[in-house]
Every structure is written in C-alpha cells, then in structure tokens.
Amino acid sequence: MNASLFSRTAPTAAATMAADDHRALRAEPVDLAQQLDLAFRFVAQHVVSLPDPYACCVLFFTVAAEALPVSSFSIRRVTLHAAWREGATRVRQWAWAHNASGVELRIDWACGIQPVTPQQSQLRTADPTRTWALADDELEYTELLTALGKNTSRNLAEVQSLCDPVPVTTHARWQLLLEGVYIDQQGELTALPRPRLSPSHLRHGPAGPMLYRATQQLLAQHQSDDGSWPEAGTLLDHLGITYALLLAHKNTQMESLKDDAGTRACHRAIAYLIEQMRRWSLHDYASEMLHAMSLIVLVRYTEQFPGAIASSTVSNLITLLSQQLGGVSPALPGDTPPWGGLSLEALRQRQQQSAPDELLPSQGSNRSYDGKWLHASWPQLRLIADDGGRPSPAAQPWTAVAVMECALRQGQPQFMSDGIQAQFKANMQTLFRACYQRIVWPEVALFQASNHRKQAAFFSPRSSNALVSDCRIASQLLITINAAMHFASA
C-alpha cells in the first residue's frame with residue numbers, strides 16, 4: 001500500500017467563499033436545527049468517502065456552549081447520511097440534556113489516510129489550527145487530536161485527546177487527515193483548515209475584529225478596580241497595556257462591536273495613570289521614554305474620546321509633557337527608538353485633526369535614520385512573538401509601541417538603502433507569521449475550558465497548549481502583530 005492515500009486536498013478558495021457568503025447573510029442568532037441544517041449542506045458538498053479498502057464516512061462532532069465543557073465524539077458509517085443522522089441526533093441530545101439554547105458546533109471529516117509506521121513515533125505539525133485523528137487498523141476506534149502550538153512535535157501518547165481514545169491495547173496504525181467546518185451561534189460558517197492569511201487580509205478581514213475583541217475582553221476582565229493590572233509591575237507596563245487596550249478599543253469601535261466594559265476599562269486606566277503621574281515630578285528623574293509613552297497614551301486616548309481634551313487635567317498634562325520633551329535635545333541616530341520625536345509627532349498629527357491653529361512647530365526630525373533603530377528592534381519583537389516577552393538585558397521594554405507609532409505617523413520611514421528596507425520588510429513578514437501561529441481562532445478556542453474560550457486572543461509562546469492570560473504578554477503580542485501587519489503589507 002502507498003505511504004499515503006489522499007482522497008482530496010484542503011478546502012478550496014470556493015469553499016471558503018461559500019462560508020463567507022453564509023457569514024455575510026446572517027447576523028442574528030440561529031437555533032440548533034438551523035445550525036445543523038447549514039452545516040449539513042456545507043459538509044455534503046465537500047465530504048467524500050475514503051479510498052479503498054476504507055471506503056466509509058468518518059465524522060467528528062464537537063459541540064460546546066457557554067459555561068459547559070466541550071463534548072466531542074466520532075461516527076463511522078458507510079454513507080454520509082447515516083453518519084450525519086446519528087451524529088446530529090447525539091448533538092441534539094447533548095443540547096437537550098444541558099438545556100443549552102445556543103451552541104458552537106464543529107464538524108470534521110476524514111479526507112485522507114496515511115499509515116503511522118513504527119519509525120513515526122511522533123506527529124509533527126507547523127499549524128496549530130490543524131486537526132487530525134488516529135485510528136486502529138479497522139477504523140473501529142478513532143481519536144480526535146489537535147496540536148495547539150507552533151512547530152509542535154510530541155509523542156503520540158502525549159498529544160491532547162479530544163474524544164474517546166484508541167484503546168491502549170490497540171496499536172494506532174493510521175493517521176486520518178481532516179477537513180472541517182465551524183459554525184457559531186449566528187450561523188456563520190468557517191471552512192477548516194483556514195487558508196493562510198496575508199497581513200492585509202488579517203487587517204481588513206473578519207479575523208481582525210476577533211483578535212481585538214478577545215484582547216479587549218481579557219484586559220477589561222483582569223483590570224483592578226483602581227484601573228491598574230496585577231501584571232503591570234511598573235508604570236511603563238501600565239502604559240504599554242493601556243496602549244494595547246486603546247488599540248483594541250479603537251478597532252472594535254470601527255467594526256461596530258461596541259463594548260461598554262472596554263470603554264470603562266479605558267477610562268479607568270487613564271484615571272490610574274493620571275493619579276500615578278501626580279505622584280512623580282515631571283521635572284525630575286523621569287526618563288524620556290516614560291515621558292514619551294505617557295504623552296503617546298494620552299494623545300491616543302483623546303483621539304478616541306475627544307471630549308477628554310476638555311478636561312483641564314488631561315490637557316495640562318499633555319501640555320506639560322510636550323514642553324518637557326520639546327526641551328530635550330534630539331538624540332543622535334542610534335539603535336534605540338527616538339521616543340521624544342515619536343511622541344511629539346503623534347501630538348502634532350492629533351493637533352492637525354482637531355486644532356490646526358495650535359499646531360506644534362515641527363522639529364524637523366531626520367527620518368533617514370529610522371532604518372537603524374527599526375532594524376535593531378527586530379530581535380526584541382521576535383522575542384515577544386516566540387518567547388512571551390522575556391526581556392533581553394540590553395533591550396528596551398515596549399519596543400513594539402515605538403514601532404507601531406512609526407507605522408501610524410505620516411509618511412514612510414526612510415532607510416539608508418533599498419536592500420536594508422527589503423530586509424526589514426522580510427523580517428516583519430517573518431514576525432507576522434510567528435504571531436499568526438499564536439492566534440486563538442474560534443474553532444480552536446472551542447476545545448478550551450469554558451471560562452477561557454473568549455478571554456484570550458493568543459496561545460502562550462512558552463507553552464504550546466496554554467492560553468495567554470497575562471495582560472502584559474497579551475498586550476505585547478497584540479501591538480507586535482499590529483506593527484507587523486502595517487510594515488509587512490506596506
């Protein structure tokens with residue numbers, strides 16, 4: 001027998017477009033019967049029987065509801081209709097037993113089969129969203145598996161099991177390659193596995209709002225009553241997390257995903273910042289980076305909440321910070337971000353929008369040196385994407401904020417040569433792919449504990465199957481992937 005027997009390839013662009021059509025047509029919640037009907041129509045168009053001698057239909061049903069644990073089971077029958085009839089009945093029974101009015105549903109089917117030889121003691125995948133299964137020689141026992149991490153390589157016995165396992169007395173001889181469909185409570189369909197997205201697709205497509213919404217929920221729910229976060233050990237950390245919260249809030253508002261809890265979290269974070277700023281002198285000891293990040297955060301806050309500039313406290317702090325930073329001699333071009341220049345330019349752009357008569361005089365910053373510090377920021381950004389932001393002894397914290405501000409300002413950064421510019425863009429595309437591997441897609445979050453399903457946007461870089469619940473790391477990842485999106489698609 002051949003080493004692999006594939007019955008079809010991954011979902012085509014047409015399949016993804018078909019799912020997108022359903023997404024565009026539906027906005028209101030649908031009931032379980034409608035979900036099952038929509039899912040069956042999609043599955044019937046794409047499922048095929050396995051090749052001989054395993055000509056049968058193997059379906060995996062995964063169902064979950066809020067505050068309930070996930071349930072997953074497999075059905076093997078000769079025909080699709082027979083497998084679907086039994087699987088749909090069990091899903092209805094589960095919903096009835098748990099009195100679940102709305103569910104999330106995922107159906108995977110075997111589209112190919114290949115042997116697991118004794119030499120293949122490990123399964124490898126570079127895509128954490130990919131799902132596969134193990135089966136015995138007769139396909140009587142099947143076990144749904146998923147790898148939740150980047151470049152995961154685990155012993156078969158250690159891969160997370162999501163349904164009835166293949167008995168330990170049975171040698172798992174076959175690996176089933178799966179395709180699938182995920183359907184949420186609004187009846188929106190997503191073909192699985194997802195096609196790899198480009199930075200521009202993630203920025204403008206439906207995946208972006210999910211990313212911002214999950215991060216905003218995490219930051220809002222973990223915020224203390226005084227507006228701080230337990231993970232913010234310094235005021236710089238508080239500023240960085242607040243910057244990420246404002247970034248997430250801005251993008252959810254743009255997508256009409258209004259979240260009052262997110263708005264309240266923004267106001268509380270700024271109130272805490274103001275209180276802390278009253279305790280340290282703006283004239284003594286504070287670093288340029290602390291002054292600059294404070295100014296950047298206040299400027300971005302007034303962008304989203306224009307009424308805040310009417311507050312004398314906010315406007316006076318912005319004026320005082322800009323005066324302090326304006327009196328500092330511009331740093332010589334180097335490997336560190338020009339924090340003062342970035343913050344003053346952010347303020348100048350804001351004034352252009354709201355009060356052109358009060359425009360700050362331009363300092364005439366020389367952007368020909370942008371390439372040097374941007375290129376130097378690459379190792380720290382990659383460390384955030386790959387290792388959860390463990391600080392390097394020589395690295396500045398929250399470098400991603402400076403890179404993001406550079407992406408937001410008017411005009412493109414200038415590099416000393418076209419080669420350096422091309423290398424930087426290639427680095428940012430690599431960074432985007434590293435962050436992309438960390439994203440918790442809804443169909444993968446389905447497999448998580450019920451209290452974590454919608455509270456995390458990323459998997460932990462340090463662990464292949466743990467969600468990021470640390471607000472500091474989640475903020476760094478969100479800012480980093482946003483900066484990577486801007487520069488990689490430029």
Taking side-chain contact (heavy atoms from CB on, under 4.5 Å) as the criterion, tell me which of L467, L218, I473, L211 meets it with F458.
L211
Student check: side-chain heavy atoms of W96 and L32 closer than 4.5 Å
no
Going by atom types only, do H46 and E179 share a side-chain donor-acceptor pair under 3.5 Å?
no
Roughly how far, to the nearest 0.5 Å, is the OG atom of S101 from the CD atom of Q185?
7.0 Å
Note: C56 and R76 closest approach over all heavy atoms is SG-NE, 3.6 Å
Should we say atom CG of D226 is surrounded by more than 12 heavy atoms from elsewhere, each under 6.0 Å from it?
yes
Indicate yes or no: at least one non-hydrogen side-chain atom of W398 is less than 4.5 angstrom from one of S475.
yes
Of F73, F40, W94, Y182, the one forming a ring-ring contact (aromatic ring centres under 6.0 Å, His included) with F61 is F73
Under 6.0 Å between ring centres: does that hold for F459 and W441?
no
Here the pair of heavy atoms bringing A400 nearest to T480 is CB-OG1, 3.5 Å
Please list, chain by chain and in numerical order, all residues satisfying salt bridge (charged side-chain N to carboxylate O under 4.0 Å, His left out) with E303, sequence neighbours excluded.
R300
For atom CD of E66, decide whether the heavy atoms of other residues, nucleotides or ligands shown that lie under 6.0 angstrom number more than 12.
no
Taking only residues two or more places apart in sequence, or in another chain, which ones meet D237 in a salt bridge (charged side-chain N to carboxylate O under 4.0 Å, His left out)?
R472
Considering only heavy atoms from C-beta outward, does the side chain of D184 approach that of P442 to under 4.5 Å?
no
pair M404-V401: side-chain heavy atoms closer than 4.5 Å
no
Residues L219, T242; criterion side chain to side chain contact (heavy atoms under 4.5 Å, CB included); working and verdict:
CA-CA 9 Å; L219 300 184; T242 303; over 6 Å; no
I'd like to know if the side chain of E231 reaches the main chain of D470, judged simply by a donor and an acceptor atom lying under 3.5 Å from each other, with no hydrogens or angles considered.
no
For T430, which residues count as a side-chain hydrogen bond (donor to acceptor under 3.5 Å, both in side chains) partner, sequence neighbours excluded?
R433
Smallest separation among heavy atoms of A39 and I107, with atom names:
CB-CD1, 3.8 Å
Between the CD1 atom in I479 and the CG atom in L246, the distance rounded to the nearest 0.5 Å is 10.0 Å
Find the distance between CD (Q217) and OH (Y212) and round it off to the nearest 0.5 Å.
15.0 Å
So L235 and M293, side chain to side chain contact (heavy atoms under 4.5 Å, CB included) or not? Walk me through it.
CA-CA 10 Å; L235 190 55; M293 280 191 65; over 6 Å; no
Are R350 and P306 side-chain neighbours, meaning at least one heavy-atom pair lies under 4.5 Å?
yes
Enter the distance from C266:SG to H249:NE2 here, rounded to the nearest 0.5 Å.
5.0 Å
Would you say S228 and H238 are linked by a side-chain donor-acceptor pair, where the criterion is simply a distance under 3.5 Å?
no
Closest contact, heavy atoms only, A220 versus R268
O-NH2, 4.3 Å
Using the salt bridge (charged side-chain N to carboxylate O under 4.0 Å, His left out) criterion, which residues pair with D37? Sequence neighbours excluded.
R41
CZ/F42 to CD1/I183 distance, rounded to the nearest 0.5 angstrom?
10.5 Å
Partners passing side chain to side chain contact (heavy atoms under 4.5 Å, CB included) against T79 (at least two apart in sequence or in another chain):
H81, A82
If we only count heavy atoms from C-beta on, is the V314 to T302 side-chain gap below 4.5 Å?
yes
Using the side chain to side chain contact (heavy atoms under 4.5 Å, CB included) rule, take W109 and V48 through it: C-alpha gap first, then chi angles, then the decisive distance, then the call.
CA-CA 9 Å; W109 57 89; V48 295; over 6 Å; no
Working to the nearest 0.5 angstrom, can you tell me the gap between N482 CG and L247 CG?
4.5 Å
Could you walk me through whether T190 and E188 pass side chain to side chain contact (heavy atoms under 4.5 Å, CB included), step by step?
CA-CA 7 Å; T190 301; E188 296 180 358; 5.8 Å; no
Would you check if there is a donor-acceptor pair between the side chains of Y301 and H267 at a distance under 3.5 Å?
yes
Just so I know, are the side chains of Y272 and Q223 near enough to count as touching, which here means a heavy-atom distance under 4.5 Å?
no
Tell me, do V91 and Q35 make a side-chain contact under 4.5 Å, heavy atoms counted?
no
Side chain to side chain contact (heavy atoms under 4.5 Å, CB included) with S377: which residues, sequence neighbours excluded?
L381, T399, V403
Heavy-atom pair of closest approach, residues L431 and A484:
CD2-CB, 3.9 Å
W174 and I113: which non-hydrogen atoms are nearest, and at how many Å?
CE3-CG1, 3.5 Å
